[in-house]
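Working notes, beginning with the structure itself.
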Amino acid sequence: MKRKLIAAIGVAGMLVSIAACGSDDKKDGAEGGDAKQLTVWLTVDAQKNWPDLVKAADDAIVAKHPGLKINHEYYGWPDKNAKLDAVLATDKAPDVVEMGNTEMLAYSVKGAFAEIDPSKFDNSSAWLDGLKASVTYDGKTYGVPYYAGGRTATWRKDVAAEAGVTAVPKTYTELTADLDKIQEKKGDKFSAWYQPTRDWYVAMSYVYDAGGSIAKEDGGTFKGNLSSPESLKGLNEYKNILDKYMHGDKTKDEADRPIVYGQGKSGLVFSPAWEGASAALPENDKVGKLADKIESFVMPGPSGKAMPVFLGGSDLAVPVKSKAQALAAEWINAFTGTQGQKGLIAKQNLPNNKTALAPLKSDPKTAVAATAAESSWFVPMAPGWGQVEKAKVLQDMLQAIGTGKKSVEQAAKDADTAIDKVINTK
């Protein structure tokens with residue numbers, strides 16, 4: 001959504017932020033009075049993929065508040081968290097911050113964000129469950145869902161055809177049989193499935209498909225569950241995929257997956273739906289007319305059902321130290337409202353609400369992503385989840401598994417131990 005989700009304070013991930021630098025009188029600014037500036041921090045996703053939507057929101061707010069200056073700052077995912085934590089400790093906090101939906105909890109627990117009134121935002125009664133849960137803590141709302149990002153399989157039709165495969169797989173057995181043919185045809189310098197080892201979103205899809213989970217709750221206390229028989233079954237199958245089809249660097253995460261895919265070094269990726277289109281952008285497409293050669297489909301799972309996907313996405317929050325909270329809320333609604341959602345859908349994102357999602361299932365252009373989103377999983381809503389993400393417990397476990405440094409069983413056991421140390425800590 002990471003499109004990627006990372007941790008800061010305890011959590012950090014996809015980020016949009018609008019910082020107020022206007023009136024020194026916080027009360028005036030918070031009421032939308034004489035604040036004259038908003039500063040917007042966005043991840044580079046928005047800068048590269050939908051700058052027109054950012055401008056449209058700016059224009060709408062400036063039209064209502066002539067003379068208002070809106071500043072934008074863009075960050076890569078690895079850089080955002082430290083910068084956000086540092087600024088939240090000062091009196092120059094941003095007015096609006098884009099957060100990955102798994103990041104919201106830790107900040108909300110620590111009181112970093114201002115409470116908002118959902119009724120003031122378009123489609124709030126129909127927000128997607130995974131996003132609504134991420135902005136809710138202790139019965140209060142601390143953010144607004146921005147967009148959702150499901151995951152779909154995308155493969156090269158031309159590569160599949162070379163191996164004698166002419167149709168997308170409908171079952172997991174068909175999928176692995178097709179990948180076997182592609183791998184044999186292309187050789188071991190090619191990844192039939194380019195699956196970055198540290199990509200925990202995909203790895204956990206295998207875990208949840210097998211009936212496992214990252215952690216379980218019992219009486220309000222969470223405990224790591226990766227070493228359960230069900231979770232181990234999923235992790236072992238994930239390792240099988242890495243061993244057979246991933247012939248790239250086994251220490252990498254998914255950050256540059258669209259670039260790698262655009263270089264023509266792989267046949268299939270399982271990723272946020274927008275990544276295929278990003279790989280086909282002129283600056284990434286080294287294949288030539290890649291957009292005409294790729295096809296997306298709902299990823300089948302080993303269970304016989306559609307693979308449950310991480311329904312990630314971004315939320316927008318207003319730091320409690322913002323000096324222009326009312327203006328920040330207006331900008332958020334302009335950016336995430338009905339018109340903004342139409343723009344995000346056109347950019348191959350999923351909307352933040354069920355009303356806009358429903359018709360996408362009958363549109364050939366969006367049916368795959370919308371259908372895939374129906375089977376989903378989400379992270380444990382535990383007070384210390386942000387600490388788990390910040391420590392990269394899952395990523396390190398997966399790298400140990402993928403590189404063979406540890407057995408699946410030992411890596412999972414060690415990850416559970418690390419999770420248990422922090423997951424219940426506020």
Side-chain angles (χ1 to χ4, degrees), residues 1 3 13-18 32 40 42 45-46 49-50 52-61 63-64 95-105 108 113-137 139-150 272-274 309-318 325-363 365-367 369-374 376 378 381:
M1 24 157 81
R3 311 243 242 289
M14 302 181 79
L15 161 65
V16 165
S17 154
I18 302 178
V40 182
L42 294 164
D45 295 326
N49 299 313
W50 48 86
D52 53 324
L53 305 184
V54 178
K55 185 178 185 302
D58 290 354
D59 291 346
I61 298 306
K64 292 176 62 178
D95 302 305
V96 180
V97 182
E98 178 193 354
M99 304 296 296
N101 57 349
T102 66
E103 303 170 350
M104 285 293 298
L105 181 61
S108 299
F113 297 144
E115 183 181 358
I116 63 102
D117 179 359
S119 68
K120 294 182 178 181
F121 298 88
D122 291 358
N123 305 304
S124 59
S125 63
W127 283 343
L128 295 177
D129 294 342
L131 297 185
K132 181 178 179 179
S134 71
V135 299
T136 305
Y137 175 67
K140 299 179 180 179
T141 304
Y142 291 97
V144 177
Y146 169 14
Y147 65 87
W274 60 269
V309 300
F310 175 77
L311 191 60
S314 273
D315 301 321
L316 299 180
V318 180
Q325 292 179 16
L327 281 173
E330 286 188 51
W331 190 92
I332 290 175
N333 197 38
F335 193 48
T336 65
T338 300
Q339 287 304 118
Q341 292 301 308
K342 290 179 179 178
L344 287 165
I345 290 169
K347 304 292 184 179
Q348 300 190 32
N349 296 291
L350 295 177
N352 67 0
N353 67 91
K354 298 172 185 176
T355 302
L357 181 68
L360 300 184
K361 292 171 60 180
S362 58
D363 183 341
K365 295 181 179 179
T366 54
T371 301
E374 290 186 309
S376 64
F378 196 61
M381 292 300 287

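Computation of the quantities below employed the complete heavy-atom set of this structure, encompassing side-chain atoms and omitting hydrogens, waters and symmetry-equivalent molecules.
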Indicate the atoms forming the closest heavy-atom contact of [X] with [Y], along with that distance.
X	Y	result
A148	L128	CB-CD1, 3.6 Å
V318	A328	CG2-CB, 4.0 Å
M381	A133	CE-O, 3.4 Å
L357	A370	CD1-CB, 3.9 Å
A373	V309	CA-CG2, 4.3 Å

Has the side chain of [X] got a donor or acceptor atom that lies under 3.5 Å from a matching backbone atom of [Y]?
X	Y	result
N349	I345	no
Q341	T336	yes
N101	L311	yes
N353	A356	yes
N352	W127	no

Roughly how far, to the nearest 0.5 Å, is the [atom2] atom of [Y] from the [atom1] atom of [X]?
X	Y	atom1	atom2	answer
T136	D315	OG1	CG	9.5 Å
Y142	I116	OH	CD1	10.5 Å
Q325	E330	CD	CD	13.0 Å
S134	L105	OG	CG	9.5 Å

*Which pairs, with at least one residue in residues 114-130 and sequence neighbours excluded, count as a salt bridge (Lys or Arg N to Asp or Glu O under 4.0 Å)?*
D129-K354

I'd like to check the side-chain contact (heavy atoms from CB on, under 4.5 Å) partners of [X]; sequence neighbours left out, ordered by chain and number.
X	answer
S125	none
A334	A57, A60, I61
P359	none
A329	F121

_Using the side-chain hydrogen bond (donor to acceptor under 3.5 Å, both in side chains) criterion, which residues pair with K342? Sequence neighbours excluded._
Q339

*Go through the steps to decide whether K347 and D52 satisfy the test side-chain contact (heavy atoms from CB on, under 4.5 Å), and finish with yes or no.*
CA-CA 11 Å; K347 304 292 184 179; D52 53 324; 3.7 Å; yes

*asked:* Parallel, tilted or perpendicular, judged at 30° and 60°: which one describes the rings of Y147 and W50?
replied: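 Correct class here is perpendicular.
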
*Got a sec, which residues hit salt bridge (charged side-chain N to carboxylate O under 4.0 Å, His left out) with K55, two or more places apart in sequence or on another chain?*
D59

*Walk me through it: do T355 and N123 pass the test side-chain hydrogen bond (donor to acceptor under 3.5 Å, both in side chains)?*
CA-CA 8 Å; T355 302; N123 305 304; 5.1 Å; no

*Indicate yes or no: at least one non-hydrogen side-chain atom of L344 is less than 4.5 angstrom from one of Y146.*
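Sidechains of Y146 and L344: in contact.
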
*Any side-chain heavy-atom pair from P351 and L360 closer than 4.5 angstrom?*
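Contact flag for P351/L360 side chains = yes.
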
*asked:* Suppose we screen for ring-ring contact (aromatic ring centres under 6.0 Å, His included). Which residues come up paired with F113, at least two apart in sequence or across chains?
replied: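 Checked F113 against ring-ring contact (aromatic ring centres under 6.0 Å, His included); matches are Y107.
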
*Qualifying residues under ring-ring contact (aromatic ring centres under 6.0 Å, His included), relative to F378, sequence neighbours excluded*: F310

*Take V144 and V135 through the side-chain contact (heavy atoms from CB on, under 4.5 Å) test and state the conclusion after the steps.*
CA-CA 7 Å; V144 177; V135 299; over 6 Å; no

